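Heads up: the structure comes next, in structure tokens.
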Amino acid sequence: MKALILVGGYGTRLRPLTLSVPKPLVDFCNKPILLHQVEALVKAGVSHVILAVSYMSEMLEKEMKEQEQRLGIRISLSHEKEPLGTAGPLALAHELFADSSEPFFVLNSDVICEFPFQEMVRFHKHHGKEGTIVVTKVEEPSKYGVVVYEAEIGRIHRFVEKPRVFVSNKINAGMYIFSPTVLNRIQLRPTSIEKEIFPVMAQEGQLYAMELQGFWMDIGQPKDFLTGMCMYLQSLRHKAPDRLHQGPGIVGNVLVDPSAQIGEKCAIGPNVTIGPGVVIEDGVRIKRCTILKDSRIRSHSWLDSCIIGWSSDVGQWVRMENVAVLGEDVIVKDELYLNGANVLPHKSIADSVPEPKIIM
């Protein structure tokens, strides 16, 4: 089987991290976002993954070459010269799918969940129509476009954008499986699969919805990245508790790379991910944070709801909170307060940031 992952965007919502690496290679729970998807696809029997790319593709290509060998699959890059939306990339990669009658996967690269790829194949083959969308339940449907479908069999009737009155609480989860005939519907031009292709398929009775079980998050921006991390760690607690860290000062769900060092009298957790080569000095308090590779958090600092970029250095007695994000190689001097600061790579911060802002 084959799969297309829509990697194209510039990752602007996840800046400053995406100023250093393309978004699919940003580490989420100590593994690049993209690898969570690719490894799950391989488990479901996918042997060829196509990445629809436009930005920073050299870095992606290099990383994927290594993964190709490790996973024993083929990974191709399909280059967009201009942004082609969510359907155009399918037309661009047309010849890679047209040589088979097997259904194929299409995924948005920002989605994290317990990927139900085998169930998707079974469900799709069972209804026998052209397309299957995975849908997930949300608390506030008025913020999203919702999917209205027959709960018993999954046949989709229509889509309603940001409904004022309740029609459904299921939204598109950004994971699809299609039969190759769907390619006849798509032309090589910027096209939205959600707005232009899906409504027509639904009208013709060719589109079905499968409801996702378990957690789901679009982790394309820092606030949601941290929420997704909490959900993922909780899912590990149920599925693979031995992967979570235990020891003095560890509270709740904490993921620690074996090469990281944690000092004395720290309180780490709940919901913390600590990457490779990270050094956490004595008396540090961290909760609901991701600390990326080779960063150092100096003694007695206090971090809540932050993302610390690669090779950054947070001084002593620093307090950071409210979705503060440091880009790569940022230095925060001692005894500062950072409230929701968004700091671009290679900066040195010598003054407190009492109100959320971008530091260029």
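Keep in mind it's a predicted model, so treat the numbers as computed, not measured. Scope of the values below: all heavy atoms of this structure, side chains included, with no hydrogens, waters or symmetry mates.
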Are [X] and [Y] packed together at the side-chain level, in the sense that at least one heavy-atom pair is separated by less than 4.5 angstrom?
X: K65; Y: Q69; answer: no
X: I268; Y: I274; answer: yes
X: M210; Y: P116; answer: yes
X: T273; Y: I291; answer: no
X: L41; Y: L107; answer: yes
X: H36; Y: I112; answer: yes
X: D224; Y: D218; answer: no
X: I50; Y: I5; answer: no

Can a side-chain donor-acceptor contact be found between [Y] and [X] if the only test is distance below 3.5 angstrom?
X: D257; Y: N30; value: no
X: S235; Y: E114; value: yes
X: S179; Y: E130; value: no

Give a yes or no answer on whether the side chain of [X] reaches the backbone of [Y] with a donor-acceptor pair at less than 3.5 Å.
X: Q234; Y: C230; value: no
X: S295; Y: S312; value: yes
X: Q37; Y: N108; value: yes
X: S259; Y: G277; value: yes
X: S301; Y: G315; value: yes
X: S168; Y: V147; value: yes
X: S109; Y: L34; value: no

Fill in: Derivation and outcome, side-chain contact (heavy atoms from CB on, under 4.5 Å), residues L233 and L244
CA-CA 8 Å; L233 294 177; L244 294 171; 4.1 Å; yes
| field | Trace of the side-chain contact (heavy atoms from CB on, under 4.5 Å) decision for V111 with M217 | value | CA-CA 6 Å; V111 168; M217 200 68 208; over 6 Å; no
Is there a chain of hydrophobic side chains (I, L, V, M, F, W, Y, each step under 4.5 Å between heavy atoms) that links [X] to [Y]?
X: V314; Y: I307; value: no
X: L326; Y: L25; value: no
X: M229; Y: V254; value: no
X: V279; Y: I297; value: no
X: L292; Y: V332; value: no

Listed by chain and number, what are the side chain to side chain contact (heavy atoms under 4.5 Å, CB included) partners of V138, not counting sequence neighbours?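 If we apply the side chain to side chain contact (heavy atoms under 4.5 Å, CB included) test to V138, skipping adjacent residues, the hits are P141, Y144, I171.
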- Considering residues at least two apart in sequence or located in another chain, which fulfil the side chain to side chain contact (heavy atoms under 4.5 Å, CB included) criterion with S47?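 Result, side chain to side chain contact (heavy atoms under 4.5 Å, CB included) vs S47: none returned.
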Do other residues, nucleotides or ligands put more than 12 heavy atoms under 6.0 Å from R158 CZ?
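Result for CZ/R158: open.
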Checklist line | With sequence neighbours excluded, residues passing side-chain hydrogen bond (donor to acceptor under 3.5 Å, both in side chains) with H157 | finding: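 Listed in chain order: E150.
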Open item on the list: Looking at E68 and R70, is any side-chain nitrogen of the basic one under 4.0 Å from a carboxylate oxygen of the acidic one?
Closed with: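 Salt bridge flag = no for E68 with R70.
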**Request:** Would you mind checking if E102 and K2 are paired as a salt bridge, meaning a charged N to carboxylate O distance below 4.0 Å?
**Result:**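 Judged by the 4.0 Å cut-off on N to carboxylate O distance, K2 and E102 do not form a salt bridge.
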N/O donor-acceptor pairs under 3.5 Å from side chains in residues 280-289, not counting sequence neighbours:
from	atom 1	to	atom 2	distance (Å)
E281	OE1	S299	N	3.1
E281	OE2	R296	NH1	2.9
E281	OE2	R298	NH1	3.4
D282	OD1	E264	N	2.8
R285	NH1	A267	O	3.2
R285	NH1	G269	O	2.8
R285	NH2	G269	O	3.3
R288	NH1	S305	OG	3.2
R288	NH2	T227	OG1	3.2

- Message: Quick check on side chain to side chain contact (heavy atoms under 4.5 Å, CB included): which of N339, V323, L338 does P356 satisfy it with?
- Response: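 So the option named by the test is N339.
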Which residue pairs satisfy the ring pair (Phe, Tyr, Trp, His ring centres under 6.0 Å) criterion with at least one member in residues 300-329, sequence neighbours excluded?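 As it turns out, the ring pair (Phe, Tyr, Trp, His ring centres under 6.0 Å) pairs with a partner in residues 300-329, which skip direct neighbours, are H300-W317.
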- Task: Could you name each residue pair satisfying ring pair (Phe, Tyr, Trp, His ring centres under 6.0 Å) that touches residues 202-228, not counting sequence neighbours?
- Result: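 As it turns out, the ring pair (Phe, Tyr, Trp, His ring centres under 6.0 Å) pairs with a partner in residues 202-228, which skip direct neighbours, are F28-F225, H127-Y208.
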Requested in this report: Report the residues that fulfil ring-ring contact (aromatic ring centres under 6.0 Å, His included) with F104, sequence neighbours left out, ordered by chain and then residue number.
Outcome: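 Counting only residues at least two positions away or on another chain, F104 forms a ring-ring contact (aromatic ring centres under 6.0 Å, His included) with F97.
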Who passes salt bridge (charged side-chain N to carboxylate O under 4.0 Å, His left out) against [X], sequence neighbours left out?
X: K31; value: E39
X: K129; value: none
X: E204; value: R185
X: D294; value: none

For residues 340-354, run the donor-acceptor check on the side chains, cut-off 3.5 Å, and write out each pair with its distance to 0.1 Å, sequence neighbours left out.
from	atom 1	to	atom 2	distance (Å)
H346	ND1	D329	OD2	2.8
K347	NZ	M360	O	3.4
S352	OG	Y337	N	2.9

Run M201 and F198 through side-chain contact (heavy atoms from CB on, under 4.5 Å) and show every step you take.
CA-CA 5 Å; M201 289 174 73; F198 286 168; 4.2 Å; yes
So, applying ring-ring contact (aromatic ring centres under 6.0 Å, His included) with F105, which one of F115, F117, Y176, F178 is it?
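The passing option is F117.
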